[in-house]
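Remarks on the structure that follows.
Residue numbering restarts at 1 for every chain, and letters A, B, ... go by the order of the sequence lines. Heavy-atom basis, side chains included; hydrogens, waters and symmetry copies ignored.
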There are 2 protein chains.
Amino acid sequence: MDRLQIRPKPMHSFTEENYLKTIYYLSARQEGEVTTNSLAEMTATKAASVSDMLRKLAEKQLIHYKKYQGVRLTEEGERLALKVIRRHRIWEVFLSEKLGFGWDEVHEMAEELEHIRSEELVQKLDAFLGYPQFDPHGDPIPSPAGHMPAVEYSKLSEVTIGEEVQVMGVLEHSPEFLQHLDKTGLNLGCRVLVQDVNVFDKSVSVQINHEKTLFVSNEVARNLLVN
Amino acid sequence: MDRLQIRPKPMHSFTEENYLKTIYYLSARQEGEVTTNSLAEMTATKAASVSDMLRKLAEKQLIHYKKYQGVRLTEEGERLALKVIRRHRIWEVFLSEKLGFGWDEVHEMAEELEHIRSEELVQKLDAFLGYPQFDPHGDPIPSPAGHMPAVEYSKLSEVTIGEEVQVMGVLEHSPEFLQHLDKTGLNLGCRVLVQDVNVFDKSVSVQINHEKTLFVSNEVARNLLVN
DNA sequence: ATAATAATTTAGGCTTGTCTAAAAATTTTT
DNA sequence: AAAAATTTTTAGACAAGCCTAAATTATTAT
């Protein structure tokens, strides 16, 4: 039979890839080492399970790890994490641009697709999509070599009155938040003129695309990236 | 953090899906029950492991199974198997048509992609591809409802002298065989006029697309589906 | 500085899916 | 029809990845 399922054992498991990715994300938004507890929370497991896995990843030289001291990716670990993130974001672009999924729907499917292990597949998909630079949430797509492009956006909550900016991304990726943005018309790329800031609750009054005026809570404004 | 990886536990594991799919394929090409040994060979595992899994699948009512008596899919089992096969073949079309992979390359990647569990993804992908009826090897794509279209092709080895037929599919799916067809120009859809059959080794002399003449071994002719 | 609290790791278990070796059932041969 | 050979199942183990409970280390408060 020609459908034998003999495939070479992959270097790194699905689970290992998820840990590396998560360590990368946690490192990115906070200085210093990543803690066991924060990893447990992010991966929806228990601290004991995380400890096990950290020992394993350290043995494989993918993380720097001293007991009780938190964790940091090695060069190899970061390279791998960025590979996974690259795959994730490229698949998100595909799902959004080619299949018409909303930006609130793509993350979950990409969580599975990111683990498909074919270099050539990602490379051809990237070409098919025209080498996109950003995913549907405005997050930059790492280079094939494993480099995360630097982006420097402000939060909408920090823009001064009178300035006009453009929505470039989000800090919060939950479907609920994204659906709320859809509802209010705050899509990626739309122009936002800050008309007023409420000194009491820090909510922002904005004009969108030189059309309708909108009130944006500070909670939302803090999670909107603009430039 | 919004990237929590809480996903509902899927009804059926990756592994279970592979067993069901394999049982389906083995049933299709041979009458009666599928044996433990043939499953072991196909899934590249040992008979003991297969036995374990069969007990488990029987408990889940996905197969009819009496010890030592071989195995047959239940209706539910067949529905699931066809769902997996549908996903597999739709992904193959995508890889071939949109990303430009050769028909000898798509199977392995589709083996992973077929397990992505989103109904909506397959449905949108299907639409994106224009509801293809056949995969790149000419195999029919099961309907969303779980029905395998009947196709009735002959083998090239059974065509009588003087007949002109069209290549519609292959029985052997190994990259080696497919690459050999590529090399000789025997692609899907090409027209083949049977000029002569060698009585000694049953090799076939054919003219392709009213152009070049070619000798096809019986081994190859038996694995080429035509109509 | 020490006691209380919090975070982390270890110890021991569980499940899934695999294995080898041995036992049991079936099929084939004589 | 019994013996031999083959196939299949059972028994017992193992690795990965998770768990709970207990022990250990670090941090915070007094």
Side-chain angles (χ1 to χ4, degrees), chain A residues 4-23 26-27 30-60 62-72 80 84 111-112 115 117, chain B residues 4-23 26-27 30-60 62-72 80 84 111-112 115 117:
Chain A
L4 274 183
Q5 291 154 17
I6 303 166
R7 279 190 299 278
K9 237 268 212 61
M11 282 279 90
H12 307 100
S13 74
F14 189 105
T15 310
E16 285 169 337
E17 286 189 351
N18 279 336
Y19 272 89
L20 292 175
K21 187 184 62 170
T22 307
I23 294 168
L26 288 176
S27 300
Q30 132 220 292
E31 277 309 303
E33 267 67 21
V34 174
T35 67
T36 302
N37 260 0
S38 62
L39 277 167
E41 196 191 332
M42 276 279 282
T43 56
T45 61
K46 302 294 155 143
S49 311
V50 173
S51 262
D52 278 355
M53 182 56 89
L54 293 185
R55 198 181 24 70
K56 190 172 150 194
L57 292 174
E59 268 166 26
K60 293 196 177 189
L62 297 171
I63 56 174
H64 295 291
Y65 174 53
K66 285 202 203 81
K67 280 191 216 177
Y68 297 98
Q69 303 282 116
V71 78
R72 194 161 44 81
L80 262 165
V84 177
E111 281 291 294
E112 298 187 48
H115 300 292
R117 291 165 229 282
Chain B
L4 275 183
Q5 290 155 19
I6 302 166
R7 278 191 300 277
K9 239 259 213 66
M11 283 278 92
H12 307 99
S13 73
F14 189 105
T15 310
E16 285 169 337
E17 287 189 351
N18 279 336
Y19 271 89
L20 293 174
K21 186 184 62 170
T22 307
I23 294 168
L26 288 176
S27 300
Q30 136 219 291
E31 277 308 303
E33 267 66 23
V34 173
T35 66
T36 301
N37 259 1
S38 63
L39 277 167
E41 195 191 332
M42 276 280 282
T43 56
T45 61
K46 301 296 155 133
S49 311
V50 173
S51 263
D52 279 353
M53 182 55 89
L54 293 185
R55 197 181 24 69
K56 190 172 151 195
L57 291 173
E59 268 165 26
K60 294 196 176 187
L62 297 171
I63 57 173
H64 296 292
Y65 173 54
K66 286 201 204 80
K67 279 190 215 176
Y68 296 100
Q69 302 283 117
V71 79
R72 195 162 43 82
L80 263 164
V84 178
E111 281 291 295
E112 297 187 49
H115 299 292
R117 291 166 229 283

For a quick test of reading the model, state the closest non-hydrogen atom pair linking [X] to [Y] and the distance between them.
X: B:T36; Y: B:A47; value: CG2-O, 3.6 Å
X: A:I63; Y: A:A58; value: CG1-N, 3.5 Å
X: B:H12; Y: B:R117; value: O-NH1, 2.8 Å
X: B:I23; Y: B:L57; value: CD1-CD1, 4.4 Å

Starting at [atom1] of [X] and ending at [atom2] of [N], how long is that distance when rounded to a whole Å?
X: A:F14; N: D:dA16; atom1: CZ; atom2: C1'; result: 14 Å
X: A:K46; N: D:dA22; atom1: NZ; atom2: C1'; result: 16 Å
X: A:E16; N: D:dC18; atom1: CD; atom2: P; result: 10 Å
X: A:E33; N: C:dT8; atom1: CD; atom2: C1'; result: 15 Å

Before you tell me yes or no, could you show the steps for B:V84 and B:L20 under side chain to side chain contact (heavy atoms under 4.5 Å, CB included), namely the whole-Å CA-CA distance, both residues' side-chain angles and the distance that decides it to 0.1 Å?
CA-CA 9 Å; B:V84 178; B:L20 293 174; over 6 Å; no

Sugar-phosphate atoms are those with a prime plus P, OP1 and OP2; base atoms are the rest. Using that split, label each nucleotide of nucleotides 2-11 of chain D B, S or - for protein heavy atoms under 4.0 Å, 5' to 3'.
-----SBBB-

Tell me whether the count of non-hydrogen atoms from other residues, nucleotides or ligands lying under 6.0 Å of NZ in B:K67 goes above 12.
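Incorrect, the count does not exceed 12.
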
